[in-house]
Amino acid sequence: MPLPTGDTIGILADNLKIRNSVLPISAGSATRWARGLGLPRGGETVIYTGLMYQLIPYITSMNKAQGMIEDTPLADFARVGRFVNRFVNISSLMAIPQSAMQERFDGILVNIARLLRQAGVEPGYMYEDDLYSGALVYDLGMDDVLEEHARKVYRNLKNYGVKNLITVDPHTTNMLRSVYPALIKGYDLNVKSYMEVLAERHAWALRSLEDEVVIHDSCVYARYENVVNEQRTLLTGAGVTVREPADAGRFTLCCGGPAESLYPKKAVAAAERRVEQLKAAGSKVVTMCPICLVNLQKAAHNQINIEDISVYLARAYCPE
Amino acid sequence: MALVNPNFAEEIGKPEAFNASACMNCGVCSAVCPMGIELLPRKLFRYVLLGLEDKVQKNSETIYSCLLCKMCEANCPAGVHIAENVRSLRYYLNKKVYNL
Ligand code: SF4
Ligand code: SF4
């Protein structure tokens, strides 16, 4: 049987309500990437991760467990799970990430902080108060839970005196830039993705990579937030030739990731379709969203090399 | 025989966000959908407009399988807010069917 929809959504929404995140992780895991970077706490302009890159390694191991039980009688576990989860954080027990994956995803955040500094931006960071945006719960239509959470996140940002948010992934960008303002009267935060900030500042590469990549646009960046040109400008500036797959830019094909939480098998099938398109265009691919990265990688079975765009950008724009 | 609820479109929770009536049933959305969701959005939205509540409830898997990727919206000639409409249906199902 498929995973029980109502109970699975219930667990995710309960977690957001009780523990501020769909999959609660420790403050240490959330902020470890920033160790040694000396980012000041808070400030008018902050790098806002919304925990996406930190959560994905945990969500991946959780989804693996879900994928194994989907279509088996065990799928019913979520029914009991939801009840227990209110008292014991059982979803975190199911999610033990691989440390190599965690290091890789932490490294992406380090790249982004270094790129911003190199472009002359000295962002602050809110450490354990850098809260999840609620994107998944919003997608699942739990609008009341999301609204309450959005107010909490906004109050938190206001308490820190934040005015400008520099986001690192498309989902957090969309939530904080387009969804929250519709929910919160007087919302006045200025939100830009780090790629927009770098492009606007005409970031200058220190070296030319003389490389070639296939670009996989995130549908949220391309179709919800109109971020299409910045990534191309930055890659071209880095000496990287950008190859476009069959569906690209505003008409990019989704990686399938949004189906993961309820229908892991459908998510893989969608990712496989996209991997075929990417493979036809070249053997090195860049993504700009942690969900795309992990979902495509899973479907690619090492047939293509997939990296976050920040890996290429940091090589070109940051000192060795 | 299907039960008709004449107030269904208003009851889905966020009537102001649900703009399915502009749909001219051209089928472009189904043709470009990466999930091959034939039912979404045109037939499902029509069920809502016709008040066929039980048909919508029976298709919850389709409603939650949508990626909200907006490929359909980017190609829709009528400017239907397809992804937001799907979210509205989820909001309705969460409350009405799953008691969330
Ligand atoms: S593309 Fe737009 S107008 Fe055509 S069937 Fe789909 S929703 Fe209706
Ligand atoms: S949003 Fe994407 S997955 Fe959903 S119906 Fe449209 S094209 Fe299909």
Side-chain angles (χ1 to χ4, degrees), chain A residues 2-14 17 82 135-146 171 174 178-179 182 217-220 222-226 247 249-263 265-267 269-274 277 291-292 295, chain B residues 11-19 28-41 44-45 48 56-77 79-100:
Chain A
L3 297 174
T5 306
D7 295 295
T8 309
I9 299 174
I11 288 179
L12 298 168
D14 286 346
K17 225 189 239 161
R82 181 173 183 209
L136 180 57
V137 161
Y138 178 70
D139 282 358
L140 292 171
M142 295 293 286
D143 292 19
D144 304 335
V145 177
L146 187 268
H171 296 268
N174 173 243
S178 304
V179 176
D217 288 287
S218 126
C219 8
V220 176
R223 286 194 280 270
Y224 283 72
E225 293 301 324
N226 200 23
D247 292 319
R250 210 167 94 72
F251 296 98
T252 183
L253 189 67
C254 181
C255 70
E260 270 287 348
S261 57
L262 293 175
Y263 302 104
K265 288 182 182 158
K266 289 189 191 198
E272 281 167 352
R273 285 193 287 276
R274 180 54 164 171
Q277 286 192 342
I291 300 176
C292 298
N295 220 45
Chain B
E11 280 173 17
I12 62 162
K14 309 236 154 190
E16 75 287 355
F18 197 82
N19 81 331
V28 167
C29 50
S30 313
V32 298
C33 173
M35 299 300 270
I37 299 177
E38 211 272 323
L39 199 67
L40 256 178
L44 213 48
F45 293 174
V48 175
V56 171
Q57 293 187 8
K58 269 190 209 130
N59 283 293
S60 84
E61 176 161 348
T62 304
I63 293 167
Y64 289 99
S65 299
C66 168
L67 302 164
L68 304 178
C69 72
K70 286 199 180 179
M71 183 68 125
C72 47
E73 243 181 90
N75 289 280
C76 170
V80 178
H81 301 156
I82 300 171
E84 193 49 30
N85 286 354
V86 172
R87 274 200 351 92
S88 299
L89 291 178
R90 289 179 181 175
Y91 181 80
Y92 155 80
L93 288 175
N94 289 344
K95 289 214 174 311
K96 189 88 179 215
V97 178
Y98 301 119
N99 301 315
L100 291 169

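Chain identifiers are assigned alphabetically (A, B, ...) following the order of the sequence lines, protein sequences preceding nucleic acid strands; residue numbering begins at 1 within each chain.
Between B:Val32 and A:Phe251 there is no side-chain heavy-atom pair separated by less than 4.5 Å. A:Tyr263 has its side chain within reach of B:Glu61: a pair of non-hydrogen atoms, C-beta onward, lies under 4.5 Å apart.
Contacts between A:Thr252 and chain B at a heavy-atom distance below 4.5 Å involve the backbone alone (N, CA, C, O).
For the atom pair A:Ile9 CD1 and B:Tyr98 OH, the distance stands at 6.5 Å (nearest 0.5 Å). Taking CZ of B:Arg90 as the reference point, atom CG of A:Asp143 lies at 11.0 Å (rounded to 0.5 Å). To the nearest 0.5 angstrom, A:Met142 atom CE is 5.5 Å from B:Asn94 atom CG. In this structure, the separation between CG on A:Asp139 and SG on B:Cys66 is 9.0 Å, given to the nearest 0.5 Å. Expressed to the nearest 0.5 Å, how far CZ of A:Arg223 lies from CG of B:Leu68 amounts to 11.5 Å. With rounding to the nearest 0.5 Å, the separation of OH in B:Tyr64 from CG in A:Leu140 is 7.5 Å.
Chain B forms the most heavy-atom pairs under 4.5 Å with one residue out of A:Ala267, A:Ala270, A:Pro258, and that residue is A:Pro258.
The two residues B:Cys69 and A:Cys219 come nearest to each other via the heavy atoms O-CB, 3.5 Å. Nearest heavy-atom pair across A:Ala259 and B:Met35 is CB-CE, 4.3 Å.
In terms of modelled atom types and a separation under 3.5 Å, the side chain of B:Arg87 and the main chain of A:Tyr138 share a donor-acceptor contact.
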CA sep, side-chain torsions, deciding dist, call: B:Lys70, A:Arg250, side-chain contact (heavy atoms from CB on, under 4.5 Å): CA-CA 10 Å; B:Lys70 286 199 180 179; A:Arg250 210 167 94 72; over 6 Å; no
